[in-house]
Amino acid sequence: MLDPRLYREEVDKIRHGLERRGAKVDLDAMVNMDIEKRKINVRLDQLKSERNVATESIAKLKRAGQDAQADIEKTRTLGDEIKAQQEKFDDLEARFKAMALLVPNLPHASVPDGRSSADNKVVKEWRHKPASAPAGADGVKPKHHLDVGKELGLFDFERGAKITGSGFPIFTGLGARLERAMLNFFLDFHVAHHGFTEISPPFVVNKASMIGTGQLPKFEEDMYHCDADDLYLIPTAEVPVTNMHGNEVLDAASLPISYAAYSACFRREAGSWGKDTRGFLRLHQFNKVEMVQFSDPATSYQAHEFLRECAETLLQKLGLHYRVLELCTGDLGFGAAKCYDLEVFAPAEERWLEVSSVSNFEDFQARRANIRTKIDGKMQFVHTLNGSGLATPRVLVALLESHQTAEGGLRVPEVLQPYMGGVAEIKPKKK
RNA sequence: GGAGAUGUGGCAGAGUGGUCUAUUGCGUCUGAUUCGAAAUCAGAAGUCCGUGAAAGCGGUCCGGGGGUUCGACUCCCUCCAUCUCCGCCA
């Protein structure tokens, strides 16, 4: 949510920001509602003030044993008018808020202009030099990850589809262990080297939490919902972990607060049928470690760079070829003021796969979730940031396609080996 | 799931229809005293909305929402959370 003051004091700033994004909002309607709302508010406060005076007078008269009928009549009349004005006010405020919740964040000044993902800026490319020759060296094309996985028995899409549906893969044997190794490595590394506190959150949240981080009301159709309890399956640990501190005033000395949380992530992916529906590229359920940070507003952009580096380090340790994109205004997520995407290269797919999105939301989520801090005696909203660090499916794809051995096996990156019981290579089954 | 109890400021804890402008204690901040501190004394302090250049002024807030009433911390309904006991169950 934007600072409501902007709608009356800096409408042009909103207009400009929304234009850069290509977002359409009926700003004039909102501005007018705000003006009307304040007018009613002034009247309402006057009426209430009058009623308070009259009520006090009644109390005094009654205590003195005198007749207060005149004042009682007065408050009765005032009460009726207050009720009428209050209804008007509440209605306006509700409608204004409903609209305000649908207004995206304004892009930071540094974000490059653009209309779509085609306009994103590549700011960095990190090419890993393989320790041993993978398949793909000497002009031999590496095998597709689905083939490698099948040959090594790492996952089972068919049975996942049988028990649940497409987009719900099963990891099997060393495949399951490899995925778990990644998650453990990510978590342990963040805690040991990046100063994060590990969080293990609920995977199901209430509506208020979904509104707090910005998934609702706009993206309802993307969420799995449990009707009986009116709860939502989380699309990312960002939701529970950010909302953890909802309606709190955080101690300024404790900032930045940094969390790393593993969760399963559930996404209906409504409207994406046909796009990457095969394999690992678009799943309804996957596992991810999410980094979440609550920052002093003054330093949130340094924190943003830090989170990006945290995610990058993991890819480097895994020996993967990746690049960093700075998203343009048109490709920015709903709540983000600025965002980096990390994309890993899949040599058989021959394409870049997004494995992390690192965003600074500034006070956009903090306003919705009411997360504040007091700095130098002044109450203010914190800045929230988050980034994947990392989501496993596409990282696994890149691993499978990047670390093949000449014998058709898979080299396990050194950092994962301790989590694999020392297994350094997953070898093909003997025929 | 059943029965009961509780929810008040940073914390503890009074308040059962009208000086509640929320008692009191602890803690916090400021000042006095002191060489300095402790102790003591005096004072101050919250949120959000509106208004105003500002000082200030008005409104709002006793778990959330709704109701009764001229008036609600107080009465009623409902939801949520916590606690106790019982039942069930990883």
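Chain naming here is simple, since letters A, B, ... match the order of the sequence lines and numbering starts at 1 in each.
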Original post:
Taking atom C1' in both B:rU69 and B:rG9, what distance in whole Å separates the two?
Top reply: 27 Å
Original post:
Quick one: do the A:His225 and A:Asp230 side chains pair a donor with an acceptor below 3.5 Å?
Top reply: yes
Original post:
Does a salt bridge link A:Glu81 with A:Arg43, judged by any charged N lying under 4.0 Å from a carboxylate O?
Top reply: yes
Subject >> B:rA54 to B:rG43 separation - C1' atoms, rounded to the nearest Å >> reply: 25 Å
Original post:
Contact class for A:Arg43 (heavy atom, under 4.0 Å): base, sugar-phosphate, or nothing?
Top reply: nothing
Original post:
How far does the C1' atom of B:rG7 sit from the matching atom of B:rG59, given to the nearest Å?
Top reply: 26 Å
Subject >> Below 4.0 Å: OP1/OP2 of B:rC48 and any side-chain N or O of A:Arg372 >> reply: yes
Subject >> Separation of the C1' atoms in B:rG31 and B:rU19, to the nearest angstrom >> reply: 30 Å
Original post:
Out of B:rU47, B:rU51, B:rC70, which has the shortest distance to the side chain of A:Val42?
Top reply: B:rU51
**OP:** Please step through salt bridge (Lys or Arg N to Asp or Glu O under 4.0 Å) for the pair A:Asp363 and A:Arg367, ending with a clear verdict.
**Re:** CA-CA 6 Å; A:Asp363 64 4; A:Arg367 282 181 187 280; 3.1 Å; yes
Original post:
Between A:Arg268 and A:Glu221, does at least one N-O distance fall below 4.0 Å, as a salt bridge requires?
Top reply: no
Original post:
To the nearest angstrom, how far is A:Arg76 atom CZ from B:rU69 atom P?
Top reply: 9 Å
Original post:
When Watson-Crick pairs (N1 to N3 and N6-O4 or O6-N4) and G-U wobble pairs (N1-O2 and O6-N3) count only below 3.5 Å on both distances, what is the dot-bracket string of RNA chain B, with | for other-strand pairs?
Top reply: ((((((((.[[[..)..(.....]]].(((((.......))))).(.((((....)))).).[[[[[..)....]]]]])))))))....
**OP:** Would you mind building the protein contact string for nucleotides 53-63 of chain B? One character per nucleotide, 5' to 3', B for base within reach (heavy atoms under 4.0 Å), S for sugar-phosphate only, - for untouched.
**Re:** -----BSS---
Original post:
Quick one: A:Glu9 CD to B:rG52 C1', roughly how many Å, whole number?
Top reply: 13 Å
**OP:** Send over the distance from A:Ile72 CD1 to B:rG18 P, rounded to a whole Å.
**Re:** 14 Å
**OP:** Classify the side-chain pair A:Ser295/A:Gln293 by whether it contains a donor and acceptor separated by less than 3.5 Å.
**Re:** no
Original post:
How far, in whole Å, is B:rG1 from B:rC73 if one measures between their P atoms?
Top reply: 32 Å
Original post:
Residues in side-chain contact (heavy atoms from CB on, under 4.5 Å) with A:Val191, at least two apart?
Top reply: A:Glu198
Original post:
Quantified in whole Å, what is the P atom distance between nucleotide B:rA72 and nucleotide B:rC61?
Top reply: 9 Å
**OP:** Let me know the distance between CG of A:Asn370 and P of B:rG64, rounded to the nearest Å.
**Re:** 13 Å
Original post:
Is it true that atom CD of A:Glu414 has more than 12 heavy atoms of other residues, nucleotides or ligands lying nearer than 6.0 Å?
Top reply: no
**OP:** Between B:rU47 and B:rU8, how far apart are the C1' atoms? Round to whole Å, please.
**Re:** 15 Å
**OP:** Sort and list the pairs that fulfil side-chain hydrogen bond (donor to acceptor under 3.5 Å, both in side chains) and have at least one residue in residues 369-385 of chain A, not counting sequence neighbours.
**Re:** A:Asn247-A:Asn370, A:Ser300-A:His383, A:Gln365-A:Thr384, A:Asn370-A:Arg372
Subject >> Rounded distance (Å) that lies between atom P of B:rC79 and atom CG of A:Asn206 >> reply: 17 Å
Subject >> Separation of the C1' atoms in B:rC57 and B:rU16, to the nearest angstrom >> reply: 34 Å
**OP:** Just compare B:rG50, B:rU47, B:rG18 and give me whichever is closest to any side-chain atom of A:Arg38.
**Re:** B:rG50
Original post:
Which sits closer to the 5' end of RNA chain B, A:Lys37 or A:Lys60, going by the nucleotide each is nearest to?
Top reply: A:Lys60
Subject >> Sequence neighbours excluded - salt bridge (charged side-chain N to carboxylate O under 4.0 Å, His left out) pairs with any residue from residues 325-335 of chain A >> reply: A:Glu326-A:Lys338
**OP:** For B:rG50, take OP1 and OP2 only and decide whether either is under 4.0 Å from a side-chain N or O of A:Arg8.
**Re:** yes
Identify all side-chain donor-acceptor contacts of residues 4-17 of chain A below 3.5 Å with residues at least two apart in sequence or on another chain.
from: A:Arg8; atom 1: NE; to: A:Asp34; atom 2: OD2; distance (Å): 3.0
from: A:Arg8; atom 1: NH2; to: A:Asp34; atom 2: OD1; distance (Å): 3.2
from: A:Arg15; atom 1: NH2; to: A:Asp28; atom 2: OD1; distance (Å): 3.4

**OP:** Return the 5'-most residue of the pair A:Gly79, A:Pro4 with respect to RNA chain B, ranking by each residue's nearest nucleotide.
**Re:** A:Pro4
**OP:** Could you work out which one of B:rG50, B:rC48, B:rG18 sits closest to the side chain of A:Met379?
**Re:** B:rC48
